[in-house]
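A short worksheet on the structure shown next.
Start at 1 with the first residue, then count along the sequence.
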Amino acid sequence: MKKFICAVFAMSVLLASQCSAVAQDWPMFRNNGQRTGTMQGLSAAPRFNGKIAWTVRTHHAIESSPAFYKNRLYFGTQEGVFHAVDTATGDDAWTFETDNWITSSPAIVNGRVYVCGYDSRLYCLNADTGELIWKFTTSGGIMTSPAVADDAVYFGSNDGYVYAVSLKTGWQKWKFKTDAAVTGSPVVADGVVYVGNRNCKMFAIDASTGKQKWRAVVGGPITAAPAVSNGLLYFTSQDGKIYCARIKHQAIIWRYDAKAQIETSPLVCGDKVIFGDISGKVTALDAQNGAKKWVFNDNRSIFSSPSAAGNVIYVGSDSEKLFAVNADTGQEMWHIRFDSAVKTSPVITEKAIYVTTSGGSVFAVR
């Protein structure tokens, strides 16, 4: 990969809004183990103005939401190459080639990268060098982003199984059979794996034994990762609805009909849950009762799962834009246009927002 093609601002430019906390990573899809999509652990949220700081082009479509770990950005491409990019120079620190395309977002824990490929494999790589530590093979292409908890990595496959694999050895701990392909990413919370499948079912699976605890059946395929917050499980479906289940009671307590197919994972931001749909709407609901708070409309399909820092939401669109939206009001603060559609979830750090596009570019936005 070449050095930056575009450098609008020097990398040493300070943020408009300074933050006293140490640098924070965004080491997995939706940032944290609960998949809430929020930036955490800072004394003050960074503020950005929507200016491109730099651009890197891979020339291959990117539908793998990146992860940020120790000043490197990690992501895969439709070419099947997994990249670790040094955000200070724009160069590849290393690359790793798989045998098929990658839509999985990696999880990076304790210096190891866990990423799935459509070549049916889960890979464990050294985060510093890209060296293969171990790999695990399933019977179907893998599109999900892995979740890591305790001593296992959890993921689903198009072969219809959910797997738990040992972090240390790469050996299977258990596998759970569903009745359809699993393309939505799992979340692990309080010893339970929550994951949906393409036959309209959301499963709650004991993380240690692989036994089903309960399930919910909805009206359409579940293709996005759920989120867990304050004892509630939020998940979206292609039936155009978002659902909220109270985990303690193992029951859905409310649902909201967006009247358009939903492909994004829910963002839990304060007292709101927020999602996008293919009609171009971003909708904010009351996280407790599902009442509508506001709607932002771009009129172009949204496959990008929104992310948030403080009271600002960042979301990409098929209109080739990244939007910054006020989380309290739903009003646009600014937007920036790229070279192609943004179908991935933005990664937020203290210094920049990192965005990948279907045209194969990586942007740092300040």
Side-chain angles (χ1 to χ4, degrees), residues 4 11 15 19 21-42 45-56 58 62-77 82-88 90 92-93 102-109 113-115 127 145-148 185 224-225 227 264-269 274 276 302-310 312-317 321-325 336 338 341-358 360-366:
F4 304 139
M11 293 298 290
L15 291 174
C19 180
V22 297
Q24 298 292 307
D25 292 327
W26 190 286
M28 64 191 71
F29 184 57
R30 314 301 291 140
N31 186 33
N32 53 54
Q34 293 72 46
R35 307 279 200 203
T36 59
T38 55
M39 190 180 192
Q40 299 169 321
L42 296 180
R47 293 285 180 174
F48 304 105
N49 297 316
K51 306 297 183 183
I52 295 175
W54 54 255
T55 306
V56 168
T58 71
I62 305 173
E63 294 189 10
S64 164
S65 295
F68 179 85
Y69 180 77
K70 293 186 177 179
N71 296 315
R72 287 180 179 173
L73 204 66
Y74 298 81
F75 60 91
T77 70
F82 188 76
H83 294 265
V85 173
D86 188 323
T87 57
D92 275 319
I102 302 169
T103 58
S104 172
S105 181
I108 309 167
V109 180
V113 180
Y114 303 92
V115 64
S145 299
V148 177
S185 303
T264 72
S265 296
L267 164 69
V268 183
C269 182
I274 299 164
I302 294 176
F303 294 93
S304 169
S305 298
S307 303
V312 182
I313 297 161
Y314 302 96
V315 61
S317 168
K321 298 174 184 175
L322 175 74
F323 293 94
V325 177
I336 186 169
F338 301 124
V342 179
K343 297 182 183 294
T344 58
S345 184
V347 163
I348 309 168
T349 71
E350 288 179 277
K351 294 183 178 180
I353 309 163
Y354 296 102
V355 180
T356 57
T357 71
S358 59
S361 297
V362 184
F363 293 91
V365 178
R366 291 183 174 155

Student check: side-chain heavy atoms of [X] and [Y] closer than 4.5 Å:
X	Y	answer
Thr38	Leu267	yes
Pro106	Phe82	yes
Ile302	Val315	yes
Leu322	Val342	no
Ile52	Phe338	yes

Look only at the side chain of [X] and the backbone of [Y], and say whether a donor-acceptor pair between them is shorter than 3.5 Å.
X	Y	answer
Asp86	Ala88	yes
Asn31	Gly37	no
Arg366	Lys351	yes
Ser105	Ser64	no
Thr103	Glu63	no
Ser304	Lys343	no
Asn32	Gln34	yes
Arg35	Ser185	no
Ser317	Lys321	no

Self-check item: Intermediate values then yes/no, side-chain contact (heavy atoms from CB on, under 4.5 Å), Ile102 and Val115
Solution: CA-CA 9 Å; Ile102 302 169; Val115 64; 4.2 Å; yes
If you look at every heavy atom in [X] and [Y], which pair is closest and at what distance?
X	Y	answer
Pro346	Ser305	CD-O, 3.5 Å
Val312	Ala324	CG1-CB, 4.1 Å
Ile108	Ala67	CD1-CB, 4.0 Å
Ser145	Ser104	CA-OG, 3.6 Å
Val268	Ala227	CG2-CB, 4.0 Å
Ile274	Cys269	CD1-CB, 4.2 Å

Quiz prompt | Given Ser345, Ser65, Ser265, the one that forms side chain to side chain donor-acceptor pair (under 3.5 Å) with Ser307 | solution = Ser345
Quiz item: In this structure, which one of Thr77, Thr344, Thr58 forms a side chain to side chain donor-acceptor pair (under 3.5 Å) with Thr356?
Solution: Thr344
Practice problem: Start with the C-alpha distance between Val148 and Met28, add both sets of side-chain angles, then the distance that settles side-chain contact (heavy atoms from CB on, under 4.5 Å), and finish with yes or no. | Solution: CA-CA 9 Å; Val148 177; Met28 64 191 71; 5.8 Å; no
Quiz item: With sequence neighbours left out, what residues match Phe29 under ring pair (Phe, Tyr, Trp, His ring centres under 6.0 Å)?
Solution: none
Exercise. Using ring pair (Phe, Tyr, Trp, His ring centres under 6.0 Å) as the criterion, list what pairs up with Phe303, not counting sequence neighbours.
Key: none
Practice problem: Could you check Tyr314, Tyr69, Phe68 and say which one makes a ring pair (Phe, Tyr, Trp, His ring centres under 6.0 Å) with Tyr354? | Solution: Phe68
Quiz prompt | Criterion side-chain contact (heavy atoms from CB on, under 4.5 Å) on Ile348 and Phe48, from CA distance to verdict | solution = CA-CA 10 Å; Ile348 309 168; Phe48 304 105; 4.1 Å; yes
Self-check item: Sole candidate of Val85, Thr55, Leu73 that passes side chain to side chain contact (heavy atoms under 4.5 Å, CB included) when paired with Val362
Solution: Leu73
Practice problem: Before giving the answer on side-chain contact (heavy atoms from CB on, under 4.5 Å), spell out for Trp26 and Met39 the whole-Å C-alpha distance, their side-chain angles and the decisive distance to 0.1 Å. | Solution: CA-CA 8 Å; Trp26 190 286; Met39 190 180 192; 4.1 Å; yes
